[in-house]
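What you see below is based on every heavy atom in this structure, not just the backbone, and it leaves out hydrogens, waters and symmetry mates.
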Amino acid sequence: LRLVSPLGSPGPLSLAGLVLAAALYALGRRRALVAAAPPGVESRAARLVFGVVLAVALAVTVQRVLGASWIAIVRDDEAIFWSKRAKLWFVDGLGPGYARAVATRELANSAYPLLNPLLQLYVFDLAGRITHVVNRLPLQLCSVALFLCTASALRRAAGSWVAAALLLLLASSPLASSAARHAHSDVLVALGALVAGDAFERWSRSGERAWLALASLGAAFLLWSKNEGLLLLAAFLCIQGLA
């Protein structure tokens with residue numbers, strides 16, 4: 001809407017989005033959710049270890065985010081086409097300058113989904129100028145969200161002990177470190193796939209439509225993240241069809 005409207009600021013659109021979100025939240029609160037199956041009994045030690053591991057994983061992720069706040073976006077994919085597209089939009093919108101960059105292939109991978117550069121454009125709009133570091137923040141916050149959603153899904157599926165061990169593996173992986181430090185879209189793919197898959201599985205067990213709605217939002221997030229998102233969703237649909 002920001003790109004195709006005459007509005008020069010995201011303020012009115014952001015306000016409208018907040019009002020809509022508040023209305024939908026109030027509407028959702030009026031409906032009672034189907035009671036979930038009671039969780040298995042876990043020891044106090046298991047819950048404590050899980051909580052400590054999750055806290056450490058989040059602290060490490062935040063430290064990585066803060067560490068990257070000194071490094072400008074000037075190289076690799078985050079600069080070549082993710083951030084560059086957002087800068088072209090900020091300067092010229094969808095005007096002739098952007099069209100020329102696509103036609104002359106000055107902008108690499110112009111057919112990629114738009115979520116990443118749209119998030120960076122939002123930061124530019126809020127700042128009133130092109131930034132070179134803080135526009136990573138929406139992508140980096142998805143790393144924090146990924147740990148929270150992963151912790152919830154793993155604990156429900158395998159219990160606190162296994163979830164804690166797997167969270168440690170995720171926190172220590174090079175890919176998790178890179179996602180927290182750069183404005184790449186791989187973390188968007190991971191977050192969208194995880195939320196969509198976990199919510200779909202919850203819907204399959206409970207039949208509660210709220211989970212199916214969340215799965216749909218996760219799938220939309222996945223499709224807008226990167227081309228790999230379409231591949232993952234298509235593979236999932238094929239598996240469901242065969243099943």
Side-chain angles (χ1 to χ4, degrees), residues 21 36 50 53-54 57-58 60-62 64-65 68 76-78 81-83 85-86 109 111-120 122 136-160 162-243:
F50 175 80
V53 168
L54 177 58
L58 291 176
V60 168
T61 302
V62 171
R64 290 166 174 167
V65 170
D76 299 329
D77 289 355
E78 64 174 350
F81 49 89
W82 295 125
S83 181
R85 177 181 285 186
N109 294 321
Y112 265 35
L114 308 180
L115 181 56
N116 183 325
L118 283 174
L119 291 172
Q120 295 193 50
Y122 187 70
R136 278 197 192 98
L137 189 57
L139 289 306
Q140 292 171 314
L141 290 178
C142 286
S143 293
V144 178
L146 179 63
F147 272 100
L148 291 171
C149 294
T150 300
S152 173
L154 289 175
R155 189 181 189 190
R156 181 182 61 85
S160 293
V162 174
L166 293 177
L167 278 178
L168 283 176
L169 289 177
L170 177 61
S172 61
S173 70
L175 290 177
S177 176
S178 176
R181 290 187 168 99
H182 300 95
H184 296 155
S185 288
D186 304 280
V187 67
L188 301 180
V189 176
L191 181 60
L194 173 67
V195 171
D198 183 51
F200 182 84
E201 202 274 336
R202 290 175 188 257
W203 170 75
S204 299
R205 288 179 177 272
S206 68
E208 171 57 47
R209 287 188 300 171
W211 291 120
L212 184 59
L214 181 59
S216 300
L217 286 173
F221 190 95
L222 178 62
L223 288 174
W224 274 71
S225 62
K226 207 176 179 184
N227 287 345
E228 285 87 336
L230 175 60
L231 178 63
L232 289 173
L233 185 61
F236 174 78
L237 293 176
C238 288
I239 292 172
Q240 289 298 312
L242 293 175

Here the gap from Cys149 atom SG to Leu154 atom CG, rounded to the nearest 0.5 Å, amounts to 11.0 Å
CD of Glu201 to CZ of Arg156, rounded to nearest 0.5 Å, is 4.5 Å
dist Leu54:CG -> Arg155:CZ (nearest 0.5 Å) comes out at 9.5 Å
Output for pair (Leu146 CG, Thr61 OG1), nearest 0.5 Å, gives 8.5 Å
Subject >> Polar side-chain atom of Ser178 near backbone of Pro174 as donor-acceptor pair, under 3.5 Å >> reply: no
Can you check whether Leu170 reaches Thr150 side chain to side chain, under 4.5 Å on heavy atoms? yes
So, do Ser185 and Leu115 sit near enough that their side-chain heavy atoms are less than 4.5 Å apart?
-> no
Self-check item: Note, Asp186 side chain near Lys226 side chain (heavy atom, < 4.5 Å)
Solution: yes
Between Ala171 and Arg64, the two heavy atoms sitting closest are O-NH2, 2.8 Å
Salt bridge (Lys or Arg N to Asp or Glu O under 4.0 Å) test vs Glu78 passes for just one of Arg85, Arg136, Arg181, namely Arg136
Say whether, by atom type as modelled, one donor and one acceptor occur between the side chain of Ser173 and the main chain of Ala176 under 3.5 angstrom. yes
Shortest non-hydrogen pair, Ala163 vs Phe50, comes out as CB-CE1, 3.7 Å
When rounded to the nearest 0.5 Å, the distance separating CZ of Phe147 from CG of Leu194 is 11.5 Å
Scanning both residues in full, the closest heavy-atom pair of Ala193 with Leu232 reads CB-CD1, 4.4 Å
For Ala183 and Asn116 the tightest heavy-atom approach is O-ND2, 3.0 Å
Counting only N and O atoms by type, is there a donor-acceptor contact under 3.5 Å from the side chain of Asp77 to the main-chain atoms of Trp82? no
Taking every heavy atom of Asn227 against every heavy atom of Ala111, the minimum-distance pair comes out as OD1-O, 4.3 Å
In this structure, CD of Gln240 is separated from OG of Ser204 (nearest 0.5 Å) by 7.0 Å
Minimal heavy-atom distance between Leu139 and His184, with the atoms involved, is CD1-O, 3.9 Å
Could you list the donor-acceptor pairs under 3.5 angstrom formed by side chains in residues 210-225, with sequence neighbours left out?
| from | atom 1 | to | atom 2 | distance (Å) |
| --- | --- | --- | --- | --- |
| Ser216 | OG | Leu212 | O | 3.0 |
| Ser225 | OG | Leu222 | O | 2.5 |

So ring-ring contact (aromatic ring centres under 6.0 Å, His included) across residues 185-210, not counting sequence neighbours, yields Phe200-Trp203, Phe200-Phe236
